[in-house]
Amino acid sequence: MTKYSRTADRFNSSTIDPAAAEMLEKANRENVPTTWDRFEKQKPQCGFGDLGLCCRNCLQGPCRINPFGEPKEGICGADADLIVARNLLRTILGGTSSHTDHTYSAIQCLKSAAEGKAPYPIKGTDKIKSVAAKLGIETEGKSDGDVALEIALTALSDFGSYSEEPMKWLKVTVSRDLFEKWEKLGILPKNPDREIRTAMHQTAMGVDGSPVNLLLSALKLGLVDGYAGLQMGTDIQDILFGIPSPVKSEANLGVLSHDKVNIIVHGHMPEISEKIVEWARKLENEAIETGAAGINVAGICCSGNEVLMRQGIPLAGNYLSQELAIITGAVDLMVVDVQCIMPSIMKVASCYHTKVVTTTPVGQLPGAQHIPFTPESADIKAQEAVRMAIAAFGKRGPAKVQIPVHKSEAWGGFSVEAITGALSMLDAQNPLKPLVDNIVAGNVLGAVGVVGCNNVKVTQDQSTIELVKELLANNVLVVATGCTAHALAKYGFLSPEGAKKYAGEKLLAVLTAVGEAAGLGGPLPPVLHMGSCVDNSRIGDLLGALAAYLGVAIKDLPVAASAPELQHEKAVSIGTWAVTLGVMTHVGVVPPILGSPLVSKVLTNDVEGMTGGKFYVETDPHQAAQGILNHIRIKRRALGI
């Protein structure tokens, strides 16, 4: 096995996280390969793939287009524009399928809970009322369970619709101007499963030969992701588990414990992670009886975000830290479900005492213990998993345990309801007014949603941190979700102290006024944690509320989105939804579209004339920050502020 040599220098080529750097050194000493080693072995990566110029959609290929000569067409005659457009649509299909399947599982869980078949108390009573109101479901004289069941059945009806009507969840969520714009473009989705099936057919060999038509379908799939995935998923999960509210916790590998049973929840499905947290608390005495000081649960990826914002569970790390958590030697059990789980964790776990549990039919790993979770069996299965962790605690190899000291205070749970609740302390009758007044006055220049993943192609966390530093220094309000939120948590951006360190003078004054009015005794964090990947819908809700208050379209707001280190197909589908909303969306890793000048031009320029949004590709975080700031200033001037 090839060894590698890395130092604990925060700014080395792999990561700026000192905890991650420490674990990379440990992995090197113990000869445990990580994702960075596998990346090195992949170099040089395929140039055709980087440009999107390879096609294997039939068995005549794979075909490759040479951007500098021949061949200029695949065997079937598909040129660069067509191949790149088809590949992009298939990428968005992957992301959209991930989110809609996640949401479908949440709907099934809510349905079973509402029918009394699953051990989930329905906690989001306020959300039941608001979702029922927008869906036109009568609540008078009905129990919360009865209304929740109607909501679940309405959600399922969108997936089972045979009509030509647009998705109900989209229709009742978006503004009339957006609905009419998408209707004119012909991109309103109907049954989400049908749209996914149709797009897969459309990209098959010998079907759609029009790159522009394929790109319109990409916009449609972005809407499927936005409303059958993000919006519906967040609404359903808030009904099941409660609307998040601000909660204080910690972040980074230092949250692991030397003397407690350590359980990591990793993936995206809160119906599983919530039960692990519940039973870890209930079975703590069993752990103490075996010699542990208790049970410590920490999260990785979006499962971590879910249990942070509702349960105060600490964040162990983002996507690129999942192997490193095991390398500490202190993780007794990692419970995984779906999405962003590296198969490599099994090889890493085999070097330590760590047990890995898989929980879903579509997310299994050879060598892991499979404990199939269903809503009905959740209590039994969660107990089984937690007891596995307790048993594993006694098998730790003390000589292999090395927990970094690095951790930071982190506040999570800034749902739209929590944000407007804090603002209502300044103006109870009109909560958005203080925020809008400060935007108009220039105290808040604008707002940016910074979201997405880690990508081993770029230094872990660095692009995110550098971009956000510059935005905050220029008085831009930042909200974050997903693995980007983890990154910002690790460096103190999700703490009130971070406001004093990073926020511009005007922004700090606003954060302090709101924080003190809300009873925090100081400023809000400079970056507001809004949740997991599916919770990007919260950002859409906030933008919609601001646009309605000002009487303008979302495209006219001084806002932007950014995914500085995207890697997953989901990030592309989320970004497409944001562009379709009318938001300029920055990506910091070049997507595989540069092989087609047509596709590149449509996505970074022409689409703005259709939706009001566009993609902005810039790999340098400082240049990207300046591009975003310029965009915000242009939008402010157009509004006359």
Side-chain angles (χ1 to χ4, degrees), residues 3-40 249-258 262 264 266 298-305 308 314-331 334 340-342 344-345 347-349 351-352 354 400-410 452-469 480 482-494 564-567 588-589 621:
K3 289 230 178 189
Y4 60 94
S5 177
R6 302 188 188 275
T7 72
D9 179 357
R10 294 188 69 220
F11 296 98
N12 65 20
S13 61
S14 298
T15 182
I16 62 169
D17 179 358
E22 183 181 333
M23 288 302 98
L24 285 173
E25 286 191 314
K26 184 174 187 284
N28 186 47
R29 290 196 309 271
E30 297 175 352
N31 207 24
V32 178
T34 69
T35 187
W36 283 276
D37 300 303
R38 295 189 295 276
F39 177 57
E40 290 299 319
S249 191
E250 295 177 316
N252 214 338
L253 292 173
V255 304
L256 297 174
S257 173
H258 283 278
N262 288 310
I264 294 284
H266 175 20
I300 283 177
C301 286
C302 281
S303 286
N305 285 316
L308 164 66
L315 302 173
N318 44 17
Y319 169 76
L320 285 179
S321 291
Q322 61 188 276
E323 295 169 312
L324 307 183
I326 298 173
I327 289 167
T328 65
V331 174
M334 181 176 282
C340 300
I341 296 147
M342 296 184 193
S344 64
I345 62 172
K347 290 183 179 178
V348 176
C351 300
Y352 303 92
T354 305
K400 285 192 170 185
V401 175
Q402 181 181 331
I403 300 175
V405 298
H406 307 284
K407 60 181 179 179
S408 298
E409 180 183 312
C453 326
N454 291 140
N455 190 319
V456 75
K457 287 183 175 181
V458 297
T459 302
Q460 183 188 18
D461 301 338
Q462 187 173 48
S463 292
T464 297
I465 299 308
E466 294 303 312
L467 174 82
V468 171
K469 275 184 182 177
C483 281
T484 293
H486 280 258
L488 293 160
K490 288 191 281 183
Y491 305 98
F493 287 84
L494 302 192
E565 302 176 37
L566 74 161
Q567 60 83 9
V589 175

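These numbers come from the heavy atoms of this one structure, side chains and all, not from hydrogens, waters or symmetry mates.
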Output the distance between atom [atom1] ([X]) and atom [atom2] ([Y]), rounded to the nearest 0.5 Å.
X      : Y      : atom1 : atom2 : answer
Cys301 : His266 : SG    : NE2   : 4.5 Å
Phe39  : Ser14  : CZ    : OG    : 9.5 Å
Ile341 : Met334 : CD1   : CE    : 9.0 Å
Leu320 : Thr34  : CG    : OG1   : 9.0 Å
Cys453 : Tyr319 : SG    : OH    : 8.5 Å
Gln462 : Leu467 : CD    : CG    : 12.0 Å

Under 3.5 Å, is there a donor-acceptor pair between the side chain of [X] and the main chain of [Y]?
X      : Y      : value
Gln567 : Val456 : no
Ser463 : Pro564 : no
His406 : Gly254 : no
Gln322 : Met342 : yes

Non-neighbouring partners of Thr354 that pass side-chain contact (heavy atoms from CB on, under 4.5 Å), sequence neighbours left out: Ile326, Val331, Ala349, Tyr352
By side-chain contact (heavy atoms from CB on, under 4.5 Å), Ala489 pairs with (sequence neighbours left out) Ala251, Leu315, Ala410, Leu494
Taking every non-hydrogen atom, the tightest pair across [X] and [Y]:
X      : Y      : result
Gly329 : Val401 : O-CG2, 3.4 Å
Asn262 : Ala330 : ND2-O, 2.9 Å
Ile300 : Ala316 : CG1-CB, 4.0 Å

For Lys457, enumerate each residue passing the salt bridge (Lys or Arg N to Asp or Glu O under 4.0 Å) test, keeping only those at least two apart in sequence or located in another chain. Asp50
Between Leu488 and Thr464, does a side-chain contact (heavy atoms from CB on, under 4.5 Å) hold up when you go through it step by step? CA-CA 8 Å; Leu488 293 160; Thr464 297; 4.0 Å; yes
Counterpart residues, side-chain hydrogen bond (donor to acceptor under 3.5 Å, both in side chains), relative to [X] (two or more places apart):
X      : result
Asp461 : Asn318, Asn454, Lys490, Tyr491
Thr484 : none
Glu323 : Arg38, Ser344

[X] side chain near [Y] side chain, heavy-atom distance below 4.5 Å:
X      : Y      : value
Thr328 : Pro404 : yes
Ile327 : Val348 : yes
Ile16  : Ile465 : yes

Chi angles and distances behind the side-chain contact (heavy atoms from CB on, under 4.5 Å) call for Trp36, Gln460: CA-CA 10 Å; Trp36 283 276; Gln460 183 188 18; 3.9 Å; yes
Sidechain N-carboxylate O distance under 4.0 Å for Glu30, Lys26: yes
Of Asn31, Thr35, Asp37, the one forming a side chain to side chain contact (heavy atoms under 4.5 Å, CB included) with Pro33 is Asp37
Among Ile403, Leu324, Asp17, whose side chain to side chain contact (heavy atoms under 4.5 Å, CB included) with Leu253 holds? Leu324
Might you work through the side-chain contact (heavy atoms from CB on, under 4.5 Å) test for Lys469 and Phe493, ending with a clear yes or no? CA-CA 9 Å; Lys469 275 184 182 177; Phe493 287 84; 3.7 Å; yes
Applying side-chain contact (heavy atoms from CB on, under 4.5 Å) to Asn455 and Leu566, what does each step give before you reach the verdict? CA-CA 6 Å; Asn455 190 319; Leu566 74 161; 5.9 Å; no
